[in-house]
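The model shown is predicted, which means the values in this text are computed figures rather than measured ones.
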Amino acid sequence: MAGFDALLSGYRRFRTEGWSTQRARWAELSEGQSPKVMVIACSDSRVDPAQIFDTSPGEIFVVRNVANLVPPFETGGGRHGVSAALEFAVTQLEVPEIVVMGHGACGGAHAALTQRFADAEQGEGGFIAHWVDMLDEARDKVRAEHGDGPEAVRAMEQETVRVSMRNLRTFPFVAEREAAGKLTIHGAYFAIADGVLHVLGDDGSFAAA
């Protein structure tokens, strides 16, 4: 597995092979960005959106966090990293599309389903527990429908996408643009085991892309 020295070696390869061969592209990007899609994905090291969608620098604006979650719109509380990124992408970059992408083997979804870190102190899982408690209602739904079986895990992973999509629409600037036809929200799910991307359809179910 790559440590920091390996990352530096990778940077040197990029500097001599990637950056050098696309000087015109990087010069253009140095003047600004105009991505057409915002992707909200999990921090999991196995699900890099740029790799999965085979994109180049400047094509997607990415936010990654535990379980690809978007909190509901609120004006109080602590720092709002996801909200700030969303606001920037939608109101400043004016991206016309947003994709929320969940994935298989998601540790955050599993923690929400099992309540693994319930009552844990910060630094011992407490931050995780408080973050994924956005999925409490979804967990109850999944438990009622699937019990404790393996189907519950996948269902929970896919519920993270639906919850985030609902929360996106609580932001006035998102809802207004979507209603005006200026913004489209998509749901997706990447299965790590077989490498298949699933897209959320109008019927509320995921199907292979």
(request) May I ask you to decide whether E159 forms a salt bridge with K141, counting only side-chain N to carboxylate O separations under 4.0 Å? (result) yes

(request) Please round to the nearest 0.5 Å and tell me the distance separating atom CG of L168 and atom CD1 of I98. (result) 5.0 Å

(request) May I ask you to test the V132-F117 pair for a side-chain heavy-atom distance under 4.5 Å? (result) no

(request) State the CG-CG distance between L135 and D133, to the nearest 0.5 angstrom. (result) 8.5 Å

(message) When you group the ILVMFWY residues by side-chain heavy-atom contacts below 4.5 Å and let the links chain together, are F14 and L8 in the same group?
(response) no

(request) Decide whether V196 and V47 are clustered together by the hydrophobic rule: side chain heavy atoms of Ile, Leu, Val, Met, Phe, Trp, Tyr closer than 4.5 Å, transitively. (result) no

(request) Scan side-chain atoms only and decide if H186 and E97 contain a donor-acceptor pair under the 3.5 Å cut-off. (result) yes

(message) Any heavy-atom pair between the side chains of R177 and T91 that's under 4.5 Å?
(response) yes

(request) Give, for atom CD of E74 and atom NE2 of H80, the distance between the pair rounded to the nearest 0.5 Å. (result) 5.5 Å

(message) Taking the side chain as everything from C-beta on, heavy atoms only, tell me whether V99 gets closer than 4.5 Å to M38.
(response) no

(message) Under 4.5 Å between side-chain heavy atoms, counting indirect links through other Ile/Leu/Val/Met/Phe/Trp/Tyr residues: same cluster for L183 and V100 or not?
(response) yes

(message) Tell me the closest heavy-atom pair linking H198 and A191, and the distance in Å.
(response) CE1-CB, 4.1 Å

(request) Can you see which heavy atom on R23 is nearest to which on S20, and at what distance? (result) CG-O, 3.2 Å

(message) Main chain of G201, side chain of S205: is a donor-acceptor contact present, judged purely on distance under 3.5 Å?
(response) no

(message) Between T160 and N68, do the side chains contain a donor N or O and an acceptor N or O under 3.5 Å apart?
(response) yes

(message) Can you confirm whether Q33 is buried at CD, in the sense that more than 12 heavy atoms of other residues, nucleotides or ligands lie under 6.0 Å from that atom?
(response) yes

(message) Given 3.5 Å as the limit, does a donor-acceptor pair link the side chain of D5 with the main chain of S9, or not?
(response) no

(request) State, yes or no, whether a side-chain contact exists between V63 and L86 at a heavy-atom distance under 4.5 Å. (result) no

(message) Main chain of E178, side chain of R169: is a donor-acceptor contact present, judged purely on distance under 3.5 Å?
(response) no

(request) Specify the closest pair of heavy atoms between C42 and A67, including all atoms of both residues, with the distance to one decimal. (result) SG-N, 3.4 Å

(request) Please check if atom CG in D119 has more than 12 non-hydrogen atoms from other residues, nucleotides or ligands closer than 6.0 Å. (result) no

(request) Indicate, with yes or no, if M134 and V70 share a hydrophobic cluster defined by side-chain heavy-atom contacts under 4.5 Å among Ile, Leu, Val, Met, Phe, Trp and Tyr. (result) yes

(message) Check this for me: E145, atom CD, are more than 12 non-hydrogen atoms of other residues, nucleotides or ligands nearer than 6.0 Å?
(response) yes

(message) I'd like to check R46 versus F190 (side-chain heavy atoms, cut-off strictly below 4.5 Å). Are they in contact?
(response) no

(message) Surrounding CZ of R116 (heavy atoms of other residues, nucleotides or ligands, distance under 6.0 Å), is the total greater than 12?
(response) no

(request) Provide the closest heavy-atom pair for E124 versus A120 in the form atom of the first, atom of the second, distance. (result) O-CB, 3.6 Å

(message) Could you report the tightest heavy-atom contact between M165 and G187, atom names first, then the distance?
(response) SD-CA, 3.7 Å

(request) Evaluate the criterion side chain to side chain contact (heavy atoms under 4.5 Å, CB included) for residue pair V37 and V95; output intermediate values, then yes/no. (result) CA-CA 6 Å; V37 182; V95 296; over 6 Å; no

(request) Using a 4.5 Å cut-off on heavy atoms from C-beta on, say whether the side chain of P72 contacts that of T170. (result) yes

(message) Counting C-beta onward and ignoring hydrogens, is there a side-chain heavy-atom pair between F206 and V161 closer than 4.5 Å?
(response) yes

(request) Decide yes or no on side chain to side chain contact (heavy atoms under 4.5 Å, CB included) for S83 and F171, but give the supporting numbers first. (result) CA-CA 9 Å; S83 302; F171 287 79; 3.5 Å; yes

(request) Would you kindly check if the NZ (Lys) or CZ (Arg) of R15 is within the cone defined by 45 degrees around the ring axis of W19 and under 6.0 Å from the six-membered ring centre? (result) yes

(message) Is there a path of hydrophobic side-chain contacts, each under 4.5 Å between heavy atoms of I/L/V/M/F/W/Y residues, joining F173 to V82?
(response) yes

(message) Under a 4.0 Å threshold between the charged nitrogen and the carboxylate oxygen, would D136 count as salt-bridged to R139?
(response) yes

(request) Output, in order, the C-alpha distance, side-chain angles, deciding distance and verdict of side chain to side chain contact (heavy atoms under 4.5 Å, CB included) for F127 and V66. (result) CA-CA 11 Å; F127 286 120; V66 173; over 6 Å; no

(message) Tell me the closest heavy-atom pair linking C106 and E157, and the distance in Å.
(response) N-OE2, 3.3 Å

(request) Supply the atom-to-atom distance T55 OG1 to D48 CG, rounded to the nearest 0.5 angstrom. (result) 7.5 Å

(message) What's the separation between atom CG in L200 and atom CD1 in I185, rounded to the nearest 0.5 Å?
(response) 11.5 Å

(message) Students often mix this up, so state it plainly: with edges at 30° and 60°, are the rings of F88 and F61 parallel, tilted or perpendicular?
(response) tilted

(message) For a 4.5 angstrom cut-off between non-hydrogen side-chain atoms, does S43 reach R64?
(response) yes

(request) Working to the nearest 0.5 Å, report the span between CG of L93 and CD of E87. (result) 11.5 Å

(request) Run the numbers on V142 and L113 for side chain to side chain contact (heavy atoms under 4.5 Å, CB included), then give the verdict. (result) CA-CA 8 Å; V142 168; L113 184 65; 4.0 Å; yes

